There are 2 protein chains.
Amino acid sequence: MGRRSDHSREELYAMALVAAQAIAEEEGLRGLSARRITREIGYTIGTFYSLFDNFDDLVLRLNGTTLDALYEDCAAAPLDGEPEAALHRLAARYIGFTRAHAKRWRILFEHRLPDGEVQPDWYREKIFRLLGLVETALTPLFPPGQEVERLHEARVLWSSLHGICSLECVDKLVSTETVEALSDSLITNYLVGLRTETEK
Amino acid sequence: MGRRSDHSREELYAMALVAAQAIAEEEGLRGLSARRITREIGYTIGTFYSLFDNFDDLVLRLNGTTLDALYEDCAAAPLDGEPEAALHRLAARYIGFTRAHAKRWRILFEHRLPDGEVQPDWYREKIFRLLGLVETALTPLFPPGQEVERLHEARVLWSSLHGICSLECVDKLVSTETVEALSDSLITNYLVGLRTETEK
DNA sequence: ACCTGAACACCGTTCAAGT
DNA sequence: ACCTGAACACCGTTCAAGT
């Protein structure tokens, strides 16, 4: 036993995250455990704690990679041009991601940090970067100087879209096709309201 | 050891759920365990499995009481009269409940059934009953015969409101007061869209 | 310096054995 | 019939001991 040095700390860290992603993708949070991750990369439980602070830290890092992948996917949607069409494109990509990576996506919301703890800044920035996509799509509707209002409306749309996907995923009360229809209604109707408001 | 008969099965079941509610309220899903529940009501782990199928069943039953409490709270809002005002009242109650019972409310979405399993009908009915409140508030906007459309719009609003509360609760990117502002924007803007659509 | 693996305090679940 | 508690297979976390 003892030192092996087959892999650098960075390599081990990357291997652990890749293993975690695979488990998350197939089995969700239920299948994820510190022991299983290290077992799958050929190390023992002790090594886990040289890579991560604790299990919550691992889940946070894993969620970080999920937010990155979600951003890459959503950022591929063209967001210039007419805001409503841009939002529909963005939503279609978001919905597509939640379907392609349903279990991994769910961990973003299933996992709750212990009582006092707040998400680290690097994590919050990943979320803000996603919100930024919605802001970009909304830009034509807001004159310069109204960034606060734009952020507010972006939050409403982002949260609402999340809610639609989330309840479909959790409650399964709705057929899969309906998610698109709900999202379409949200964007279309909300933008009618937004336009009449900003035109005033 | 062996038989005690201090309590009937029904009493034990009720005691276990009350204990689960208290733990959920204070510590959320993290604090909840089958062993702890039976310990707190003065019984041993074996008894747990004479009351519930398994741990998932307990959480489902607990969530059932949460949905009931949420319904009682929301149903107290007057839903007749002007739809927008009715929705604002309903949303205010919903938001109030998520604050007053934040940890217990979160378990509704933190908990995920194992892969093949679907929620039992009694559970789905509790959710539909809540959706029904939104439908009631929307009734003046839809002529008889448009119940399908009304349900669709109710779903959008319900899911969106859920999303706003959920992301505030999970991400904490938003100050608490903002939840009201986001919900207000959602309802106001969405209803502008709904009205112009139904007037066509 | 790095990694191990035993130890500790927990889990969910099952079931033979007691009253 | 009802309840127990040991047994099993897992957890997360810590840390003295090996190389």
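Atom set for the values below is all heavy atoms of this structure, side chains included, hydrogens, waters and symmetry mates excluded. Residue numbers begin at 1 in each chain, while the letters A, B, ... track the order of the sequences. From a predicted model like this one, the values you see are computed outputs, not experimental measurements.
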Modelled atom types, side-chain donor and acceptor of A:R155 and B:S185, under 3.5 Å: no
Integer-rounded Å distance: C:dA7 C1' and A:Y49 OH: 14 Å
Intra- and interstrand pairs of DNA chain C - dot-bracket, Watson-Crick/G-U under 3.5 Å, | marks other strand: ||.|||||...|||||.||
Touch class at under 4.0 angstrom, heavy-atom based, for A:L12 against every strand present: sugar-phosphate
Positions of residues 17-41 of chain A (non-hydrogen atom under 4.0 Å from DNA chain C), listed by number: A:R35
Between C1' of D:dG12 and CG of A:D56, the distance in whole Å: 10 Å
side-chain hydrogen bond (donor to acceptor under 3.5 Å, both in side chains) against B:T139, all qualifying residues, sequence neighbours excluded: B:R150
Gap between atoms CZ and P, on B:F52 and C:dG12 respectively (whole Å): 13 Å
Pairs flagged by side-chain hydrogen bond (donor to acceptor under 3.5 Å, both in side chains) wherever residues 123-134 of chain B is involved - sequence neighbours left out: B:D68-B:K126, B:D68-B:R129
Nucleotide D:dA6, atom P - distance to CD1 of B:I45 in whole Å: 14 Å
Donor-acceptor side-chain pairing of B:R39 and B:S33 below 3.5 angstrom: no
Whether A:H162 and A:F109 hold their rings parallel, tilted or perpendicular, with breakpoints at 30° and 60°: tilted
Spacing between A:D53 atom CG and D:dT14 atom C1', to the nearest angstrom: 14 Å
Modelled atom types, side-chain donor and acceptor of A:H101 and A:T66, under 3.5 Å: no
Which residues share a side-chain hydrogen bond (donor to acceptor under 3.5 Å, both in side chains) with A:R36, sequence neighbours left out: A:E27, A:E40
Between C:dA1 (C1') and A:Y43 (OH): distance, integer Å: 13 Å
Flag, side chain of A:T38 to backbone of A:R35, donor-acceptor distance under 3.5 Å: yes
Gap between atoms CZ and P, on A:F48 and D:dC11 respectively (whole Å): 12 Å
Any residue meeting side-chain hydrogen bond (donor to acceptor under 3.5 Å, both in side chains) with A:D115, in chain and number order, not counting sequence neighbours: B:K103
Length of the line joining B:D57:CG and C:dG12:C1', which is rounded to integer Å: 14 Å
Under-4.0 Å side-chain N/O to phosphate OP1/OP2 contact, A:T47 with C:dT4: yes
